[in-house]
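Remember, predicted model here, so these are calculated numbers, not experimental data. By convention here, the first residue in the shown sequence is residue 1.
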Amino acid sequence: QVQVGESGGGLVQAGGSLRLSCAASGGTFSSYVMGWFRRAPGKEREFVAGISRRGGGTSYAESVKSRFTISRDNSKNTVFLQMNSLQVEDTGVYYCAAGRGGRYYGPLDYDYWGQGAQVTVSL
């Protein structure tokens, strides 16, 4: 139904910033909640942030709250993750996901997943 693809990953120094983008195609973007997940080395995938269909509601993992901001531009079929004050522990593969159900708080709320983008934070 919908395909999503991440971009904007890379290598940054601790304390720096990075902005991830996720473009969607093949569906009505505004009908999906969108979210970001990540998998750190040796760990399971974890929820990072989610956003409602219109963008009026957001949810964050406690570990990234106040540092990361999720947003979306429905006119461009794109969701963003602005990452500030990056730390080494933020290193991992970041995945974009779309969900049809309306909830945006965890992995079970999402149905379609991107391939992931590597984010590496160095000292």
Between [Y] and [X], is there a cation-pi geometry (under 6.0 Å to ring centre, at most 45° from the normal)?
X	Y	answer
R53	Y32	no
R45	Y95	yes
R72	F29	yes

Donor-acceptor side-chain pairing of T120 and Q118 below 3.5 angstrom: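 There is such a pair (donor and acceptor under 3.5 Å, judged by atom type) between the side chains of T120 and Q118.
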
Test item: side-chain donor near acceptor, S17 and N84, under 3.5 Å: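 Side-chain D/A pair, S17 to N84: present.
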
Beyond-backbone contact of [X] with [Y], side-chain heavy atoms, under 4.5 angstrom:
X	Y	value
L20	F80	no
C96	V79	yes
D90	F68	yes
T78	C22	no
Y104	I51	no
L81	T69	no

Over 12 foreign heavy atoms within 6.0 Å of CD, Q3: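 Result for CD/Q3: open.
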
Crowding at CD, E89 (>12 non-hydrogen neighbours, <6.0 Å):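 Counting neighbours around CD of E89, more than 12 heavy atoms of other residues, nucleotides or ligands fall under 6.0 Å, so yes.
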
Donor-acceptor check, side chain of [X] to backbone of [Y], threshold 3.5 angstrom: yes or no?
X	Y	value
R67	S63	yes
S75	D73	no
D111	R100	yes
E46	R38	no

Between [X] and [Y], is there a shared hydrophobic cluster once you connect ILVMFWY residues whose side-chain heavy atoms come closer than 4.5 Å?
X	Y	result
V33	Y105	yes
V93	V121	no
Y110	Y60	no

Full working for side chain to side chain contact (heavy atoms under 4.5 Å, CB included) between V12 and S122: CA-CA 6 Å; V12 298; S122 65; over 6 Å; no

Side chain to side chain contact (heavy atoms under 4.5 Å, CB included) evaluation trace for Q115 with V4: CA-CA 8 Å; Q115 293 299 301; V4 294; over 6 Å; no

Test of ring centre spacing under 6.0 Å for F37 and W113: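 Yes, the ring centres sit under 6.0 Å apart.
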
Pairwise distance OG1(T58) to NZ(K65) - rounded to 0.5 angstrom: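 If we round to the nearest 0.5 Å, T58:OG1 and K65:NZ are 8.5 Å apart.
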
Reported CD-to-OG distance for the pair Q82 and S21, which is rounded to 0.5 angstrom: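 Q82 CD to S21 OG: 9.5 Å, rounded to 0.5 Å.
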
Salt-bridge criterion met for E44 and R39 (N-O under 4.0 Å):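 So E44 does not pair with R39 through a salt bridge.
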
Shortest non-hydrogen contact between G116 and E6, atoms and distance: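 In terms of heavy atoms, the two residues are closest at N-OE1, 3.0 Å.
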
